[in-house]
> 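Sharing a structure, written as structure tokens. Questions coming.
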There are 2 protein chains.
Amino acid sequence: MDLCSKHKKNLIEEAGLYFEKRHNLPPLSARVYGIMVLSSLEGYTFEELMEITQASKSSVSTSLNLLQQLKFVEYYTKPGERKRYFRSSGSFIQNMLKEQYGTIKADLELTEKINDFNKKNNPENYRKKGYLGSIFHVFLEQEKKNIEQTLERIKDFKEQN
Amino acid sequence: MDLCSKHKKNLIEEAGLYFEKRHNLPPLSARVYGIMVLSSLEGYTFEELMEITQASKSSVSTSLNLLQQLKFVEYYTKPGERKRYFRSSGSFIQNMLKEQYGTIKADLELTEKINDFNKKNNPENYRKKGYLGSIFHVFLEQEKKNIEQTLERIKDFKEQN
DNA sequence: TGATCAGTTCGGTTTGTTCCGAACCAACTA
DNA sequence: TAGTTGGTTCGGAACAAACCGAACTGATCA
């Protein structure tokens, strides 16, 4: 039995490649997550994932554990069955944006440190090159809030719908 | 001669580690970029970078080429000299945000494709799980603009100051 | 109790990345 | 033209990441 249409396979490949490059997941994890986001809420079993990816038991296990740790994937069980059904947890875009937001936040924090240093040690740099001191600092604070709010709105939006 | 104070060395290490993890640069490239963002507009020569990083000629060359390709670093020359002086191009935070923005944009594009697919193939998923159809789509469009504007504002701010 | 099922853990192989030294090139200098 | 300076390119060593098979665990079932 074919678990996957041709078109779906192509999309999985595209999404997988994408997660690998941009969000640097290991190749197999990336493809597994690709499968999840393109699948119904039903999800897939361990076996089916082996079948689709043509990967080994241990590799699939490791990949699923990583994805669960990242909160990208979750599983549920059907009463009476021991098998787990794996599916994407939350929406794909929310997971991705949350990650990006974390990075941006960390960027801004590092920026503060760097600005402080340059203010003291490379004042000419600090002025001319865009390390614009307290005004810029305030400005960035504002943008930081802006970005935070975007994520909040997405969260709220989803909860209300 | 010591090209680098103790305090600066620590910051370089911290920044380097950060670029390595979050923006996945190779270790040496990450440290070199750390040096750049913590240095005056004067920049450093190839030799000085070898001295500070204790790395080989070829490694420094490769690193600088990567950083230039990413537009993180640029060089200038002094009239009459053949030597290049390397320095961070643009402000660090701008470079970082630009990168993040690119990722978010790509995320949103992939989201559209995935939503389209799920709409057709996993309609129940599409409804229940946050793939909320055209409303969500419109909503995301708006957020996309929001994020774009943040970057624009940073750019404008810097140009005006 | 033994057998089976669902998944994990552990070494080892394969694959890929990062860095190095040595040879090289291109521009200038004596 | 030969030598020096500033930097690049190439092949390989050292290390790390990704995946595999085989042995294992822990739960259920006959």
Side-chain angles (χ1 to χ4, degrees), chain A residues 3 12-13 16-36 42-70 72-87 89, chain B residues 3 12-13 16-36 42-70 72-87 89:
Chain A
L3 289 164
I12 289 174
E13 200 50 34
L17 235 59
Y18 178 80
F19 298 136
E20 206 179 318
K21 302 257 137 100
R22 289 274 188 174
H23 296 274
N24 47 291
L25 295 176
L28 184 58
S29 304
R31 250 171 302 135
V32 169
Y33 189 46
I35 294 169
M36 303 286 99
E42 294 295 306
Y44 285 115
T45 65
F46 199 102
E47 274 177 311
E48 288 169 333
L49 290 172
M50 286 177 66
E51 166 70 22
I52 298 172
T53 60
Q54 292 295 325
S56 74
K57 226 177 169 187
S58 51
S59 302
V60 171
S61 175
T62 310
S63 292
L64 284 172
N65 286 338
L66 173 62
L67 291 171
Q68 288 174 88
Q69 204 189 298
L70 293 172
F72 284 6
V73 159
E74 63 185 9
Y75 70 86
Y76 66 98
T77 46
K78 296 184 180 173
E81 277 192 61
R82 251 198 309 154
K83 243 179 296 199
R84 296 170 190 169
Y85 290 80
F86 296 91
R87 64 184 172 194
S89 86
Chain B
L3 288 164
I12 289 174
E13 200 49 35
L17 235 59
Y18 178 80
F19 298 137
E20 206 180 317
K21 301 258 139 95
R22 289 274 186 173
H23 295 274
N24 46 291
L25 295 176
L28 184 58
S29 304
R31 250 172 302 136
V32 169
Y33 189 47
I35 294 168
M36 302 287 98
E42 293 297 306
Y44 284 115
T45 65
F46 199 102
E47 274 178 312
E48 287 168 334
L49 290 172
M50 285 178 65
E51 167 70 22
I52 298 173
T53 60
Q54 292 294 324
S56 76
K57 226 176 166 188
S58 52
S59 303
V60 171
S61 175
T62 310
S63 293
L64 284 172
N65 286 339
L66 173 62
L67 291 170
Q68 287 174 88
Q69 201 189 300
L70 293 172
F72 284 4
V73 159
E74 65 185 9
Y75 70 85
Y76 68 97
T77 45
K78 297 184 181 175
E81 278 191 61
R82 249 202 308 158
K83 241 179 297 197
R84 297 171 188 167
Y85 291 80
F86 297 91
R87 63 183 173 194
S89 87

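These numbers come from the heavy atoms of this one structure, side chains and all, not from hydrogens, waters or symmetry mates. Throughout, a chain's letter reflects where its sequence line sits, starting with A, and its residues are numbered from 1.
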> Round to a whole Å and report the spacing from NZ of Lys83(B) to P of dG7(D).
8 Å
> Tell me, please, which residues at least two apart from Glu13(A) pass salt bridge (charged side-chain N to carboxylate O under 4.0 Å, His left out).
none
> Quick one: what's the B/S/- string for nucleotides 24-30 of chain C, heavy-atom cutoff under 4.0 Å, read 5' to 3'?
--BB---
> State which residues pass side-chain hydrogen bond (donor to acceptor under 3.5 Å, both in side chains) with Glu74(B); sequence neighbours excluded, sorted by chain then number.
Arg87(B)
> OP1 or OP2 of dA27(D) sitting under 4.0 Å from any side-chain N/O of Arg84(A)?
no
> Would you mind reading off the distance between Tyr75(A) atom OH and dG7(C) atom C1', rounded to a whole angstrom?
10 Å
> Please enumerate all protein N or O atoms sitting under 3.5 Å from an N or O of nucleotides 16-19 of chain D, with distances to 0.1 Å.
| from | atom 1 | to | atom 2 | distance (Å) |
| --- | --- | --- | --- | --- |
| dC19(D) | OP1 | Leu28(A) | N | 3.1 |

> Where the side chain of Ser63(A) meets the backbone of Ser59(A), is there a donor-acceptor pair that is under 3.5 Å apart?
yes
> Can any side-chain N or O of Tyr44(A) pair as donor or acceptor with the backbone N or O of Ile52(A) at less than 3.5 Å?
no
> Measure from CG on Asn24(A) to C1' on dT17(C) and round the result to the nearest Å.
14 Å
> I'd like to check the side-chain hydrogen bond (donor to acceptor under 3.5 Å, both in side chains) partners of Gln54(B); sequence neighbours left out, ordered by chain and number.
none
> Rounding to a whole Å, what distance do you find between Glu48(A):CD and dG7(C):C1'?
15 Å
> Any cation-pi pair here, Lys78(A) with Tyr85(A), using under 6.0 Å and within 45°?
yes
> Does Thr62(A) have any side chain to side chain contact (heavy atoms under 4.5 Å, CB included) partners at least two apart in sequence or in another chain, and if so, which?
none
> So which heavy atom on Ser56(B) is nearest to which on Met50(B), and how close?
C-CE, 4.1 Å
> Roughly how many Å is it from CE in Met50(A) to C1' in dC20(D), rounded to a whole number?
11 Å
> Mind checking whether Tyr33(A) and Phe72(A) have side chains closer than 4.5 Å, heavy atoms only?
yes
> In whole angstrom, give the distance that lies between atom CD of Glu47(A) and atom P of dC5(C).
9 Å
> Can you check the Leu64(B) CG to dT18(C) P distance for me, whole Å?
16 Å
> From CD of Gln68(A) over to C1' of dG7(C), roughly how many Å is that when rounded to an integer?
11 Å
